[in-house]
Amino acid sequence: MNFDLTPDQKLLESTMASFLKKESPVSRFRALREDPVGYSKSLWKTMAELGWIGLAFPESAGGLGGSFVDVAILLEQFGAGLVPEPFVASVLAAGTAILRAGSAEQHEAYLAPLIAGDTTLALAWAERGGRYDPTWVETTATKQGDAYVLQGEKIFVQNGHAADVLVVSARTAGTPGDTDGISLFVLPRETEGLRVTPVNTMDGQKAATITLAGVVVPAASRLGPEGAAAPVLDEIMDLGAAAACAEGLGVMRASLAMTVDYLKTREQFGVKIGTFQALQHRAVDMFIRTELAKSTSILASVKVSDPDPAERRFAVSAAKVELAICGRYVTQQAIQLHGGIGITDEHDIGLYFKRMHVLNALFGDEEHHLARFGAQPAF
Amino acid sequence: MNFDLTPDQKLLESTMASFLKKESPVSRFRALREDPVGYSKSLWKTMAELGWIGLAFPESAGGLGGSFVDVAILLEQFGAGLVPEPFVASVLAAGTAILRAGSAEQHEAYLAPLIAGDTTLALAWAERGGRYDPTWVETTATKQGDAYVLQGEKIFVQNGHAADVLVVSARTAGTPGDTDGISLFVLPRETEGLRVTPVNTMDGQKAATITLAGVVVPAASRLGPEGAAAPVLDEIMDLGAAAACAEGLGVMRASLAMTVDYLKTREQFGVKIGTFQALQHRAVDMFIRTELAKSTSILASVKVSDPDPAERRFAVSAAKVELAICGRYVTQQAIQLHGGIGITDEHDIGLYFKRMHVLNALFGDEEHHLARFGAQPAF
Amino acid sequence: MDLSFTPEQSAFRDEVRAWIREAMPPRIREKAAVDGHFEHDEIMEWHRILHGKGWVAPHWPAEWGGAKLDVTRRFILTEELELAGAPALSPFGLMMVGPLILQFGSDAQRKRFLPKILAGEEVWCQGYSEPNAGSDLASLKLSAEPDGKGNYVLNGQKTWTTYAQYADWIFVLTRTDKTAKKQSGISFFLVDMKTPGVTARPTLTIAGTPAFCDTFFENVVVPAENLVGPLHGGWTLAKALLGHERTYIAAVGLSTRTLRRVKQIAAATKERGVPLIDVPAWRARIARMEIELWALKMANYRAIASAELGHAPGPESSILKIRGSEIMQQMYELAMDVMGHDALSWHNTPGTIPEAEASVPPQFNYARAASIYGGSNEIQKNVIAKAILGLPS
Amino acid sequence: MDLSFTPEQSAFRDEVRAWIREAMPPRIREKAAVDGHFEHDEIMEWHRILHGKGWVAPHWPAEWGGAKLDVTRRFILTEELELAGAPALSPFGLMMVGPLILQFGSDAQRKRFLPKILAGEEVWCQGYSEPNAGSDLASLKLSAEPDGKGNYVLNGQKTWTTYAQYADWIFVLTRTDKTAKKQSGISFFLVDMKTPGVTARPTLTIAGTPAFCDTFFENVVVPAENLVGPLHGGWTLAKALLGHERTYIAAVGLSTRTLRRVKQIAAATKERGVPLIDVPAWRARIARMEIELWALKMANYRAIASAELGHAPGPESSILKIRGSEIMQQMYELAMDVMGHDALSWHNTPGTIPEAEASVPPQFNYARAASIYGGSNEIQKNVIAKAILGLPS
């Protein structure tokens, strides 16, 4: 066992941290909350040039062949700095869909510009009736000659509001909940009949409702064999959940640091409030919860690449449950210990609180992963 | 609304409290833990003479016609002083079975001596496969001429080890879980084939495993019409649960008082440990939990006599869940705040901890009542 | 022991409920139905409607426009208003400065201020906290110095002056004697917000709506007649406020309404086609939350019944603020969790998520304030530890 | 980042497991299978068996009989022993006084005491706490005064001297200078329990079995050669103990085994004929407990891997004691709750409840001690607040 980062990873971490500290202070995110895109396409390009996007792809697809642990290092920094660029949506969600299911031509067409930082992507999978189950696909794709007609609605599509290219799941056979019969389609944003309604999310980021009203797409835009996309989506759910764990860890560490700092400086009753034992113990509980979440986040980061899906699910679901337990506690108490200023929009701690709740809700909430954990063969 | 005790009830409370303080200090219970009966038959007689047993029975059955609120006053004192006399088993469980289902002759035969303090009773209802469901009766009662043959096993029969008379549930028709087909039989202890194996319980009290190996009882020992006992058992489960709430409140109040007292006197680091803010807040949380449990215990005490079974179940299940949440917290923290001496058998606080766990497990645990609460029409 | 309301009390509840149904204007009713956010003008509109019925200040003495309702009826009224989702009235005039003027003010002050509070003609805000005086209120610094012409001149800053941007008047704790010990040199003034030198700068809360202000005082001239109570005696007033009308601080009506919404949302939200309320794990979570609310509600009823009987507040009343805030927070959190993806939605156009859900996310956020304002739960516990448990300091 | 054990480490695990299966005597194996309570003689029998294998003190230096195992292998050994339900050896010689004698003792002391600890020929107990010196250990009073003849005379009392009734020796913190500041006048002595004036009075714990003693010292004469470390310098030894071998304090092996029992009991326990483990609410509770255990286990692995790499203990190691005790308590509580009525059973004859359940109630009770002994969780939090978070005092 070795939990140390390699020297290369340590370098990566400090490079990322110092770059983001300079280029993406929280004040940048604050300003971008008012922006219709909500992030910077030029910073996205710069991140690509730094190799951050390529990190997540194998060399065969034009990437740098990094591990998920490398990606988790990046995402922890994203969490700590509230970096809004759509890494998870573009790279881990839609990017993985194209990587796993797509042909070499599709890799070339969609992944190359993504890795170059020229595009962002989105994966439209969630539907109202399915909650966190990606096999609950009511959206239909009906074959008509050499084309498909797509009909349905996708909700809370991360980066759906600004993505250049969308990957959409639709049912080519079967009924909602069936594993078989789900296909993925890749659609340029300007596809006729594709309606994108931007949606604000609680954390100050953006998403979209995607409506497909008889959208005709050529069969060539299908990713992989017809009806066989469920395992890819299952893997993406775990990648997304593991990403939330890494990013959430960054959120927690930043929240803890801000809170401890506040306890050391804020005075009431003539003393630093950090001298009050009840608040000290609360801060220690926040620290303990952060360390526990770190421990399971590491587990998820390593196991999410396990070739055995059962191993992967077991570890990721455990980590996502622990994230919910710990992240909720840490960010709630962070606000409480900040007192009044904690509930103003002016203070950053509230932004972390909100981001944490969003991370808990993305890619399966606590109850979802608790049930999934209990349903694994290893349980 | 009026939550005050009436002047009569206040008098009752202070009389009971001062009597028990004198006649039943915790040291008495300590000594009785080694006794094969585990309580005092002479004190039982005295309690009867004071009218405490009659309190729970209507005047028509030779009682004093008290309300359950009166009974709850008594039971809270029992909890606070760890009084081991088998009031719940004899009076609320077996006594209610005879009262509700029995004939006037049976009242005369069994309730009169009970109310006089000459006997104690027990109700054998729980079976291994049914957990907390009194309709899960695998014990059978097969009609043979003018008699029944009883076959089966009952576990953790409270006061089963010492009761003069046992009331036993057995199935005269149907299968385990059916509401119909359950009958109650009243058996003198010396009945042939009735095997009583005494069992020690964690709280220092006693119970029994009751084995019925072809026990022949006359049809006249059946309580009420054949197969119609389920509603009576359902009511008894609620009476028992409400009793646990009242007794548990006494346990919590005593635990809180002992702990606060300890915090005020114990010194470490040159100061009273009650000056440490983290411990103060813990004591406040114990106090809050005690007040909440008191609130729902009152609810249960009043509603347990409601003519509408749905109202009764709703309130009692709520109270039993709250008892578990609060009682566990209060007694665990009581030990923690006592430190090392809290985990010695010499100190009383451990006895309260144990009694609390037993009360939580009797007449339906937290999960049982949570599910039952959610299944009520009022939910 | 009697847990039921009297027939008269139940009839009063019916009367309140019927009246609300009748009196609530359509625009407010629509928002109330989905627990929408009310704007200041809507709150004041509702204030005036309640005033018309005589129910705006039920706890005031009858001679000053109170409603002649006993404690239980006042609770019933509040509970029904919360259950109906009616706009929460601004408490600063009705609940805070009004009762203080009644208790400590001069007759002239009573006549000048109380009728306009009652009628909703003058809106008040509270100037207590300062950037360095939050939980430790007595360390406040806003100075008030006599100018020798019968006035006091105020300089300094107040913070958390909720809705100061809409207020006509502010009541402030000021320091009038810098040499005295902390609590002894404080005085209580009433200040017209239009006085030159008063500036209110609104700030957003984490709910995304403006609620608080920072309010600045720069050579603000206040006539001596606006001093309430004795000079340097303001701390007595500050403390007295804490003793007033604590029986409905638990927000049981509001949390009961939120629970109803939780069940409604859980019935409409599906997991693989099954309503969440029929999924055992969710049903158990909701049941547990309801039971915890019942426990609080019964503690609240105990406090009211005790007040009705004229008893001094018992131990049960001290826990209402702490548990009320915790339950409110957990209830909104449960609503958010039930909503799943919909909980991500933030001030979007109607129709983005079901109407019943739209107001939950901001309320969930703002609920974090409930354990901080009005004396944080930590401060409350310090008080209980000493005052009720008698632990040493 | 590598979460797996090396092939060599895995092979070592297999070796340990196979050896335990082979070496465990039948009587101990039977009790281990149902997590029964081990008597002192059984514990010592197992001690000698482990000693025979060379695994009794794996953390000691090889020259003194240590096992030449690195940190990870030591952890694997401990974990496998816990998972097998093997008797927990008395820690007082092997884990406490042994390492202190190694670090602070003279060569003569090492030669006199260490081999007998290793061989299990002399059993030790710990004399630290006193009735008025628990969390505040430095306020201890047991006096040790020179008699002018090369001895010290001890008078006073120690408490929580676990298993003193079986011990041959006790190590004690004594006060040798009453005028010095609290921590400065303390000395560390080794005392033969057979010395006249030493009396150990066993007391029952809430588990219903004797574990602790009160140990009294009445004019107990101890030769000066039994002083370890400098006179008045005992506090350094007391503190050093806290630094030793903290990587398996979390009892992950034990709690993993308890979780297995929980699942086993939940599969055998029925509610209306359905195994509890198939009831969603129970399955979710067990799953949550398992996840919390995983989080602790990973934190523990981090600490071990870090120690293996020679790093100073990181923040993750400071949480092991707190979380380890909490998880142990919650795990036994879950076992009790799963058992339902059976949880009431208390030291009954075999067969009263299923064999796998019988030891749970006493263990559930005794587990309350885990958050108290070895520095209560409150004391641990005080330390973390200052040492790791740097909060002011």
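Values below: all heavy atoms of this structure, side chains included; hydrogens, waters and symmetry mates excluded.
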Q | Smallest separation among heavy atoms of D:Asp337 and B:His357, with atom names | A |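 Here D:Asp337 and B:His357 meet closest at OD1-CE1, 3.7 Å.
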
Q. Which atoms form the tightest heavy-atom contact between D:Ile372 and B:Gly340, and what is the distance?
A.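 Shortest heavy-atom separation between D:Ile372 and B:Gly340 comes out as CG2-N, 3.5 Å.
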
Any side-chain heavy atom of [X] sitting closer than 4.5 Å to one from [Y]?
X        : Y        : result
D:Met336 : B:Asp365 : no
B:Glu346 : D:Leu204 : no
B:Phe156 : D:Asp342 : yes
B:Val358 : D:Trp346 : no
D:Ile206 : B:Lys354 : yes
B:Met202 : D:Asn365 : yes
D:Val338 : B:Glu367 : no
B:Val199 : D:Thr349 : no

Non-hydrogen atoms of chain D under 4.5 Å away: do they reach the side chain of [X], the backbone, both or neither?
X        : value
B:Phe276 : neither
B:Thr197 : neither
B:Gln158 : side chain
B:Leu362 : side chain

Q. Is the shortest distance from a Lys or Arg side-chain nitrogen in D:Glu271 or B:Arg372 to a carboxylate oxygen in the other one below 4.0 Å?
A.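 B:Arg372 and D:Glu271: not salt-bridged.
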
Identify which part of [X] has an atom lying under 4.5 Å from any heavy atom of chain B, answering side chain, backbone, both or neither.
X        : value
D:Lys381 : neither
D:Thr159 : neither
D:Leu276 : side chain
D:Pro362 : neither
D:His341 : both
D:Ala138 : neither
D:Tyr373 : neither

Q: Ignoring hydrogens and angles, state whether a donor on the side chain of B:Gln332 or D:Gln329 is under 3.5 Å from an acceptor on the partner side chain.
A: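 Distance-only check fails for B:Gln332 and D:Gln329.
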
What's the spacing between [X] [atom1] and [Y] [atom2] if we round to 0.5 Å?
X        : Y        : atom1 : atom2 : answer
B:His338 : D:Arg368 : NE2   : CZ    : 14.0 Å
B:Gln336 : D:Glu378 : CD    : CD    : 4.5 Å
B:Phe269 : D:Ile379 : CZ    : CD1   : 4.0 Å

For the interface with chain D, which of [options] has the highest count of heavy-atom pairs at distances below 4.5 Å?
options                                : result
B:Glu138, B:Arg266, B:Glu127, B:Gln205 : B:Arg266
B:Gly350, B:Ala324, B:Gly339, B:Gly270 : B:Gly339
B:Thr209, B:Ile155, B:Ile341           : B:Ile341
B:Gly177, B:Ala361, B:Gly342           : B:Gly177

(Q) Could you walk me through whether D:Ser139 and B:Gln268 satisfy the side-chain hydrogen bond (donor to acceptor under 3.5 Å, both in side chains) test, starting with their C-alpha distance in whole Å, then the side-chain angles of each, then the deciding distance to 0.1 Å, before giving a yes or no? (A) CA-CA 8 Å; D:Ser139 68; B:Gln268 293 277 273; 4.9 Å; no

Q. Given the options D:Trp160, D:Trp282, D:Tyr366, which has more heavy-atom pairs under 4.5 Å with chain B than any of the others?
A.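 Looking at each of D:Trp160, D:Trp282, D:Tyr366 in turn, D:Trp160 comes out on top.
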
(Q) As an exercise: rank D:Ser376, D:Ser135, D:Ser129 by heavy-atom pairs under 4.5 Å with chain B and give me the winner. (A)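 Counting heavy-atom pairs under 4.5 Å, the top option is D:Ser135.
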
Q | Residue D:Glu355 excluded, over 12 heavy atoms near CD under 6.0 Å | A |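 Incorrect, the count does not exceed 12.
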
Q. Given the rule in the side-chain contact (heavy atoms from CB on, under 4.5 Å) test, do D:Val274 and B:Arg131 qualify, once you have shown the distances and angles that lead to the verdict?
A. CA-CA 10 Å; D:Val274 179; B:Arg131 209 166 165 85; over 6 Å; no

Q: Before giving the answer on side-chain contact (heavy atoms from CB on, under 4.5 Å), spell out for B:Trp136 and D:Lys270 the whole-Å C-alpha distance, their side-chain angles and the decisive distance to 0.1 Å.
A: CA-CA 11 Å; B:Trp136 194 269; D:Lys270 288 177 181 171; over 6 Å; no

